[in-house]
Amino acid sequence: MITHRIAVPLAGILAGTSFLFVQPAVASPPVVEKKPVAEGYGGAVSTVDLDASKVALGVLRQGGNAMDAAIAAAATLGVTEPYSAGLAGGGFIVYYDARHKKVHTIDGREAAPRAMGPASLEGIPFDEAVTSGLSAGVPGSVAQWELALRRFGTLSLKQALNPAIEVASKGFAVDQTFYEQTAANAARFKDFTSTAKLYLPGGAPPPVGSTFRNPELAETYRQLGRRGGDWLYEGALGAEVVATVKAPPVTPGSTRKIRPGLMETSDLKAYRALERPPTKMTYKGMDVYGMAPPSSGGSTVGEALNILEALPKVGLHEYLEASRLSFADRGRYVGDIPGVPLKELLSDGFAKERACLIGERAMPHPAPPGNPDGRYGPCPVTPSGQAIATPAEGPETTHLVVTDRWGNVVAYNITIESTGGNGIVVPGRGFLLNNELTDFTFGPAPGDPNLPAPGKRPRSSMAPTIVLADGKPLLALGSPGGATIITTVLQILVNRWDFGMSLPQALAAPRASQRNTVQTQAEPGFIDRYGPELTLKGQSFAPTPEIGAATAIEFLRNGRLQAVAEPVRRGGGSALVTSERR
């Protein structure tokens with residue numbers, strides 16, 4: 001176990017260097033344009049945001065490595081994508097170390113306070129739980145940044161935060177996505193004095209095209225760079241976070257029921273970011289690495305791929321059914337608990353036993369879980385179960401991917417959970433708190449592996465993924481989107497390797513997300529194109545505007561890189577390369 005409280009030395013050729021950052025478009029024409037696909041050499045980055053991508057590219061061009069660039073970009077997303085990322089959130093990093101040819105992962109998932117028990121969320125309406133101090137988990141991002149930089153980077157935390165400080169100070173151009181996300185949260189943002197002051201200036205969302213500045217966050221980052229993570233985990237910033245959680249700054253006259261949280265400063269002091277072994281499985285000769293529990297991303301994506309490989313043919317029907325089965329097993333076995341049967345969930349024997357359940361028609365749902373006990377034989381008899389409604393999943397969370405000239409690769413999901421987190425800005429600090437504890441099962445649910453417990457990390461669906469072929473990086477990808485993250489990553493891989501799409505086509509293709517529910521959540525384009533044929537096979541669909549917002553990098557021949565982001569979803573992403581020519 002490796003802890004977060006170790007000073008990061010000034011190292012590498014960037015020691016003492018002050019980062020330059022091009023001022024956003026409202027002040028001067030941009031140096032680069034936002035585009036979803038870029039090809040070239042020497043390094044690449046893909047994020048949902050142009051400013052964050054430019055920061056990462058600047059780090060790479062000034063000699064920093066992939067981890068340096070990823071942390072700098074993540075901190076910048078805390079400025080420009082504050083409703084999805086931030087220092088009070090958490091996330092998962094999957095990292096390929098080119099020098100040692102090894103994949104590592106870093107768990108920066110938020111944790112439950114020690115005062116939280118299995119019944120702490122029982123009987124509370126979900127929306128009420130989200131917008132409360134009760135939903136705020138002990139933040140993991142800062143600990144994760146320090147551990148990642150110490151283990152694999154060349155920058156200090158202070159250096160990595162410098163570009164984000166400049167963006168927060170000078171401001172960025174408000175786009176349609178930022179405006180819409182603010183407007184969607186306005187009703188709850190106005191119920192907290194600190195949040196309304198920052199994100200509803202004059203009582204309304206900042207208009208598209210205006211410049212949004214966050215000097216309070218800039219100063220928070222400055223002090224964090226000087227003081228280090230101890231300022232949060234053992235110092236005054238942590239005390240301010242706890243005070244906000246326990247007594248949210250409610251606007252006078254608000255009628256919203258806002259529950260106080262359970263976090264204490266001792267919970268912050270006890271937190272550690274952790275290195276964990278990655279999940280690994282082989283698909284069509286490629287090694288697929290992902291995130292182990294408390295994330296369910298690696299195990300669920302991996303199991304579904306194993307099931308598909310055990311089938312005689314792979315089409316969209318089979319993709320949906322494999323996802324249905326892997327989600328049944330996810331719900332039964334995966335959580336932040338001892339004894340998750342990870343090896344068996346990812347075994348070929350278990351996959352074959354599950355695959356034999358897939359026929360020409362959709363199976364009864366919800367599908368019951370399998371038995372990953374290591375003893376696999378003929379196709380088991382499967383009882384039908386009580387169907388449940390399709391839960392809605394939004395675009396919350398964000399993902400970035402970076403590679404450098406040495407061949408190191410980072411796939412990084414960072415989040416504060418729901419879009420806008422719990423809606424509460426820490427007064428004077430410029431950042432929102434997370435609502436990660438609503439990822440726990442509310443209960444009562446005896447035996448559920450995802451019930452809350454003291455210090456436990458809620459089960460996540462984040463699925464940063466790195467694929468190696470012949471021991472070398474081939475593809476890195478991930479997405480936001482709650483539990484649809486898993487199906488988005490899975491569908492992109494199936495699109496790319498089974499349906500023969502290029503990576504840009506694989507990301508742009510319409511999506512569907514089957515998570516062991518009666519109906520499959522699907523984008524209108526998917527329903528229009530494939531709905532009639534799949535309905536004849538017993539599939540049914542619940543339309544949703546969009547699913548996920550992926551970012552990816554593919555390693556082409558002769559050292560050429562292809563960085564890919566969404567062309568349309570969530571306003572489109574930003575892909576950049578260090579150089580278009582060798």
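All figures in this text were calculated on a predicted structure; none of them were measured in a lab.
- Not a single donor-acceptor pair under 3.5 Å links the side chain of S254 to the backbone N or O of V250.
- Inter-residue side-chain proximity for H399 and V489 is flagged as unmet; no heavy-atom pair is nearer than 4.5 Å.
- Listed by chain and number, the residues in a side-chain contact (heavy atoms from CB on, under 4.5 Å) with T251 are T193 (sequence neighbours excluded).
- Using a distance-only test at 3.5 Å, with no hydrogens or angles considered, no donor-acceptor pair links the side chain of N422 to the main chain of A136.
- When the side-chain contact (heavy atoms from CB on, under 4.5 Å) test is applied to S53, the partners found at least two apart in sequence or on another chain are V45, T47, S574, L576.
- K197 is linked by a salt bridge (Lys or Arg N to Asp or Glu O under 4.0 Å) to E216, counting only residues two or more places apart in sequence or in another chain.
- G171 and T211 get closest at one heavy-atom pair: CA-CG2, 3.8 Å.
- Looking only at distances, a side-chain donor or acceptor of T415 sits under 3.5 Å from a matching main-chain atom of E417.
- Checked for salt-bridge contact, R114 and D267 meet the test: a charged N lies under 4.0 Å from a carboxylate O.
- Looking at Y289 and T105, their side chains never come closer than 4.5 Å, going by heavy atoms from C-beta outward.
- If you run side-chain contact (heavy atoms from CB on, under 4.5 Å) between P372 and each of R332, E344, E303, only E344 comes through.
- Remark: R429 CZ to L87 CG distance equals 10.0 Å, nearest 0.5 Å.
- A donor-acceptor pair shorter than 3.5 Å can be found between the side chains of T80 and D49.
- In the displayed structure, K246 atom NZ is contacted under 6.0 Å by more than 12 heavy atoms of other residues, nucleotides or ligands.
- Judged by distance alone, the side chains of R515 and S513 do bring a donor and an acceptor atom under 3.5 Å apart.
- Under the rule for a side-chain contact (heavy atoms from CB on, under 4.5 Å), the partners of R226 that lie at least two apart in sequence or sit in another chain are E219, R222, Q223.
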Inset, instruction - Walk me through it: do D68 and T154 pass the test side chain to side chain donor-acceptor pair (under 3.5 Å)? - result: CA-CA 7 Å; D68 298 325; T154 69; 2.6 Å; yes
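- Pairing each heavy atom of N413 with each of P464, the nearest pair is OD1-CD, 3.3 Å.
- Proximity of L121 to L134: side-chain heavy atoms (C-beta onward) are separated by under 4.5 Å at one or more points.
- Looking at M281 and V301, their side chains never come closer than 4.5 Å, going by heavy atoms from C-beta outward.
- Side chain of N214 to main chain of G430: a donor-acceptor pair is present (N/O by atom type, distance under 3.5 Å, no hydrogens or angles).
- A donor-acceptor contact shorter than 3.5 Å is absent between the side chain of N435 and the backbone of S135.
- The two residues S141 and G90 have their closest heavy-atom pair at OG-N, 3.2 Å.
- For residues 62-100, the ring-ring contact (aromatic ring centres under 6.0 Å, His included) pairs, not counting sequence neighbours, are Y83-F178, Y83-F189, Y83-Y199, Y95-F152.
- Side chain to side chain, T551 and S46 fail the donor-acceptor criterion of an N or O pair below 3.5 Å.
- Residue L200 comes nearest to A186 through the heavy atom pair CD1-O, 3.8 Å, listed as atom of the first residue, atom of the second, then distance.
- For S194 (side chain) and V426 (main-chain N/O), no donor-acceptor pair under 3.5 Å exists by modelled atom type.
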Inset, instruction - Output, in order, the C-alpha distance, side-chain angles, deciding distance and verdict of side-chain contact (heavy atoms from CB on, under 4.5 Å) for R459 and R330. - result: CA-CA 10 Å; R459 181 174 60 206; R330 167 190 183 265; 3.9 Å; yes
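- Judged by distance alone, the side chain of S479 and the main-chain N or O of I485 form no donor-acceptor pair under 3.5 Å.
- Listed for the S266 side chain is no donor-acceptor partner under 3.5 Å among the backbone atoms of E264.
- Two residues are said to be in side-chain contact when any heavy atoms from C-beta on lie closer than 4.5 Å; L433 and V241 meet this criterion.
- Here the OG1-CG distance, from T300 to D329, works out to 8.5 Å after rounding to the nearest 0.5 Å.
- With a 4.5 Å cut-off on side-chain heavy atoms, S460 and M291 do not count as touching.
- The structure places OG of S326 at 7.0 Å from CG of L490, a figure rounded to the nearest 0.5 Å.
- Minimum interatomic distance between N408 and N65 (heavy atoms only, all atoms of both residues): ND2-CB, 4.4 Å.
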Legend entry - Verdict with reasoning, I337 to K456, per side-chain contact (heavy atoms from CB on, under 4.5 Å): CA-CA 8 Å; I337 57 172; K456 188 176 182 179; 3.7 Å; yes
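- The minimum heavy-atom distance between L346 and T279, with the atom names listed, is CD1-CB, 4.0 Å.
- Between D439 and R109 there is a salt bridge, with a side-chain nitrogen of the basic residue lying less than 4.0 Å from a carboxylate oxygen of the acidic one.
- Using a distance-only test at 3.5 Å, with no hydrogens or angles considered, no donor-acceptor pair links the side chain of N434 to the main chain of G421.
- If you take CD1 on I416 and OG1 on T398, they are separated by 11.0 Å, rounding to the nearest 0.5 Å.
- Going from atom OG of S295 over to atom CD1 of I486 covers 6.5 Å, rounded to the nearest 0.5 Å.
- L451 is linked by a side-chain contact (heavy atoms from CB on, under 4.5 Å) to T441, A445, D448, counting only residues two or more places apart in sequence or in another chain.
- Here the side chain of T438 pairs no donor or acceptor atom with the backbone of V130 at under 3.5 angstrom.
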Inset, instruction - List the steps, then state whether side-chain contact (heavy atoms from CB on, under 4.5 Å) holds for L198 with F431. - result: CA-CA 9 Å; L198 179 59; F431 62 85; over 6 Å; no
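- The structure places CD of E81 at 5.0 Å from CZ of R570, a figure rounded to the nearest 0.5 Å.
- Residues V402 and Y412 fail the side-chain proximity criterion, which asks for heavy atoms closer than 4.5 Å.
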Inset, instruction - Tell me, with the steps shown, if V79 and Y221 meet side-chain contact (heavy atoms from CB on, under 4.5 Å). - result: CA-CA 10 Å; V79 180; Y221 274 164; 3.9 Å; yes
Inset, instruction - Applying salt bridge (Lys or Arg N to Asp or Glu O under 4.0 Å), run through D107 and R457 and close with a yes or a no. - result: CA-CA 10 Å; D107 171 5; R457 303 184 185 205; 3.3 Å; yes
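- Within the 4.5 Å cutoff, the side chain of E110 has no heavy atoms near those of the V138 side chain.
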